[in-house]
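As C-alpha coordinates, the structure follows; a few thoughts come after it.
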Amino acid sequence: MIWSITYLVAIILYAVIAGVTKGLGVGAYVLLALFAIVALTKVRYNMRKRFDIPANCCEGGGCLSDCCCIYFCTPCSLCQ
(Lines give C-alpha, C1' and ligand atoms only; values in the text may rest on other atoms or scores of the structure.)
Protein backbone atom coordinates (compact mmCIF):
# COMPACT_ATOMS: atom_id res chain seq x y z
CA MET A 1 0.00 0.00 0.00
CA ILE A 2 2.82 2.39 0.87
CA TRP A 3 4.57 1.62 -2.42
CA SER A 4 1.36 2.22 -4.39
CA ILE A 5 0.78 5.62 -2.79
CA THR A 6 4.42 6.61 -3.26
CA TYR A 7 4.32 5.48 -6.89
CA LEU A 8 1.18 7.47 -7.70
CA VAL A 9 2.48 10.59 -5.93
CA ALA A 10 5.75 10.32 -7.85
CA ILE A 11 3.88 10.04 -11.16
CA ILE A 12 1.74 13.08 -10.39
CA LEU A 13 4.71 15.14 -9.20
CA TYR A 14 6.71 14.20 -12.27
CA ALA A 15 3.77 15.16 -14.50
CA VAL A 16 3.45 18.55 -12.82
CA ILE A 17 7.20 19.26 -12.79
CA ALA A 18 7.72 18.12 -16.37
CA GLY A 19 4.88 20.33 -17.57
CA VAL A 20 2.74 17.48 -18.83
CA THR A 21 -0.31 19.22 -17.40
CA LYS A 22 -0.19 21.70 -20.27
CA GLY A 23 -0.39 18.93 -22.88
CA LEU A 24 -2.00 15.62 -22.04
CA GLY A 25 -2.88 16.26 -18.42
CA VAL A 26 -2.06 14.39 -15.24
CA GLY A 27 -4.84 11.86 -15.79
CA ALA A 28 -3.50 10.87 -19.18
CA TYR A 29 -0.01 10.54 -17.76
CA VAL A 30 -1.27 8.24 -14.98
CA LEU A 31 -3.12 6.15 -17.56
CA LEU A 32 0.06 5.91 -19.59
CA ALA A 33 1.96 4.65 -16.53
CA LEU A 34 -0.75 2.06 -15.83
CA PHE A 35 -0.65 0.99 -19.48
CA ALA A 36 3.11 0.46 -19.13
CA ILE A 37 2.56 -1.81 -16.12
CA VAL A 38 -0.08 -3.84 -17.98
CA ALA A 39 2.05 -4.12 -21.13
CA LEU A 40 5.16 -5.18 -19.20
CA THR A 41 3.11 -7.72 -17.24
CA LYS A 42 1.83 -9.24 -20.48
CA VAL A 43 5.34 -9.41 -21.96
CA ARG A 44 6.73 -11.04 -18.81
CA TYR A 45 3.85 -13.55 -18.73
CA ASN A 46 4.35 -14.51 -22.38
CA MET A 47 8.12 -14.90 -21.93
CA ARG A 48 7.61 -17.14 -18.88
CA LYS A 49 5.19 -19.32 -20.82
CA ARG A 50 7.45 -19.46 -23.88
CA PHE A 51 10.54 -20.62 -21.94
CA ASP A 52 8.70 -22.65 -19.20
CA ILE A 53 9.87 -20.42 -16.35
CA PRO A 54 7.86 -21.07 -13.16
CA ALA A 55 6.08 -18.23 -11.36
CA ASN A 56 7.37 -18.02 -7.81
CA CYS A 57 6.25 -14.63 -6.54
CA CYS A 58 2.58 -15.05 -5.60
CA GLU A 59 0.49 -18.06 -4.63
CA GLY A 60 -0.91 -19.73 -7.71
CA GLY A 61 1.48 -17.96 -10.06
CA GLY A 62 0.16 -16.80 -13.38
CA CYS A 63 -0.46 -13.23 -14.34
CA LEU A 64 -0.72 -12.01 -10.73
CA SER A 65 2.84 -13.09 -10.05
CA ASP A 66 4.07 -11.27 -13.15
CA CYS A 67 2.17 -8.11 -12.24
CA CYS A 68 3.65 -8.12 -8.72
CA CYS A 69 7.16 -8.59 -10.09
CA ILE A 70 6.75 -5.78 -12.62
CA TYR A 71 5.15 -3.42 -10.10
CA PHE A 72 7.50 -3.94 -7.17
CA CYS A 73 10.74 -4.87 -9.00
CA THR A 74 10.56 -3.19 -12.39
CA PRO A 75 14.32 -2.90 -13.00
CA CYS A 76 14.95 -6.54 -12.04
CA SER A 77 12.03 -7.76 -14.15
CA LEU A 78 13.21 -5.82 -17.18
CA CYS A 79 16.71 -7.27 -16.82
CA GLN A 80 15.34 -10.79 -16.63
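The chain is numbered in sequence order, starting from 1. Since we're looking at a predicted model, the values are computed, not measured.
We find the SG-OH distance between Cys67 and Tyr45 to be 13.5 Å, quoted to the nearest 0.5 Å. The CG atom of Leu40 lies 4.5 Å from the CD1 atom of Ile70; values are rounded to the nearest 0.5 Å.
In the hydrophobic clustering, Phe35 connects to no other residue, as no ILVMFWY side-chain heavy atoms lie under 4.5 Å from its own. Residues Val43, Met47, Ile53 make up the rest of the hydrophobic cluster containing Phe51, defined by ILVMFWY side-chain heavy atoms closer than 4.5 Å, directly or through other members.
Identified under the salt bridge (charged side-chain N to carboxylate O under 4.0 Å, His left out) test for residues 27-47, with sequence neighbours left out: Arg44-Asp66.
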